[in-house]
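What follows is a set of notes on a single structure, which appears directly below.
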Amino acid sequence: MSLEKLHGQVIDYLKQGKFAEGIDDFYAENVIAQENSSDPFQGREAMAANERKFLQKVTAYHGIEVLASDIEDLGDGNGTVFYQATMKWDQSDRGSVVVNQSVLEHWKNGKIGRIRFFGNFDPGPLPA
């Protein structure tokens, strides 16, 4: 499957608010993720668990708008995706949230092996 189609499926998940499911379905087991200059975080299961905790604070999801994207498809589910997006939701501890971010995804064998987020997202403390 082309990297454009794989990434399109990720965006479709985000449009539906299927954040943790997207991690489960599209991230490699040992994925490395990083938010801005925070320390990198490793592991799909731990990432999905943190996402589920965060989603307990989301009271309404208003969607994602992809503003621009660029895909370097090296074939066989390998390559790099860079995109800019705006996401909106309501959060129990913050009210209305608008996140503007750029995302860099490194794909290997049809899975995201490394992802980096640049933007104004701050989830605040996660529920226990």
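Because the structure is a prediction, the values reported are computed rather than measured. Note that the numbering runs from 1 along the sequence shown for the chain.
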Test item: F26 and Q9 side chains (from C-beta on) under 4.5 Å apart, heavy atoms: yes

A33: partners by side-chain contact (heavy atoms from CB on, under 4.5 Å), with sequence neighbours left out: M47, I115

Separation between CH2 of W107 and CG of L3, rounded to the nearest 0.5 Å: 6.0 Å

Cluster overlap L104 with I112, hydrophobic side-chain contacts below 4.5 Å: no

D12: partners by side chain to side chain donor-acceptor pair (under 3.5 Å), with sequence neighbours left out: none

Qualifying side-chain hydrogen bond (donor to acceptor under 3.5 Å, both in side chains) pairs, either residue in residues 64-75, two or more places apart: none

E21 atom CD, neighbour heavy-atom count above 12 within 6.0 Å: yes

side-chain contact (heavy atoms from CB on, under 4.5 Å) assessment of K18 paired with L14: CA-CA 6 Å; K18 295 167 52 174; L14 294 174; over 6 Å; no

Residues which pass side chain to side chain donor-acceptor pair (under 3.5 Å) with D76, listed by chain and number, not counting sequence neighbours: none

Which residues share a ring pair (Phe, Tyr, Trp, His ring centres under 6.0 Å) with H106, sequence neighbours left out: none

By salt bridge (Lys or Arg N to Asp or Glu O under 4.0 Å) - contacts of D24 (at least two apart): R52

Taking every non-hydrogen atom, the tightest pair across L6 and G77: CD1-CA, 4.0 Å

Side chain proximity check, V103 to E105, heavy atoms < 4.5 angstrom: yes

Nearest-0.5 Å distance that lies between atom NZ in K108 and atom CG in N78: 7.5 Å

Qualifying ring pair (Phe, Tyr, Trp, His ring centres under 6.0 Å) pairs, either residue in residues 69-102, two or more places apart: H7-Y83, F54-W89, W89-F121

Listed partners of A60 passing side-chain contact (heavy atoms from CB on, under 4.5 Å), at least two apart: H62, D90

Heavy-atom check, side chain of N50 versus side chain of F41, under 4.5 Å: yes

Side chain to side chain donor-acceptor pair (under 3.5 Å) against Y13, all qualifying residues, sequence neighbours excluded: D25

Non-neighbouring partners of R116 that pass salt bridge (Lys or Arg N to Asp or Glu O under 4.0 Å), sequence neighbours left out: none

Reported CZ-to-OH distance for the pair R44 and Y27, which is rounded to 0.5 angstrom: 11.5 Å

Hydrophobic cluster identity match, L74 and M1, side-chain contacts under 4.5 Å: no

Side-chain heavy-atom pair K111, N109 within 4.5 angstrom cut-off: no

Contacts of T86 that satisfy side chain to side chain donor-acceptor pair (under 3.5 Å) - sequence neighbours left out: N100

Within 6.0 angstrom of K88 NZ, more than 12 heavy atoms from elsewhere: no

For A20 against A48, the heavy-atom pair lying closest together: CB-O, 4.2 Å

Interatomic distance, K15 atom NZ to M87 atom CE [nearest 0.5 angstrom]: 12.0 Å

Least distance between heavy atoms, A28 atom then G113 atom: CB-CA, 4.2 Å

Non-neighbouring partners of I32 that pass side-chain contact (heavy atoms from CB on, under 4.5 Å), sequence neighbours left out: P40, Q42, R114

Gap between atom OG of S102 and atom CD of Q84 - 0.5 Å precision: 4.0 Å

Spatial distance of atom CD (Q16) from atom CD1 (I64) [nearest 0.5 Å]: 12.0 Å

Within one Ile-Leu-Val-Met-Phe-Trp-Tyr cluster: V99 and F118, side-chain cutoff 4.5 Å: no

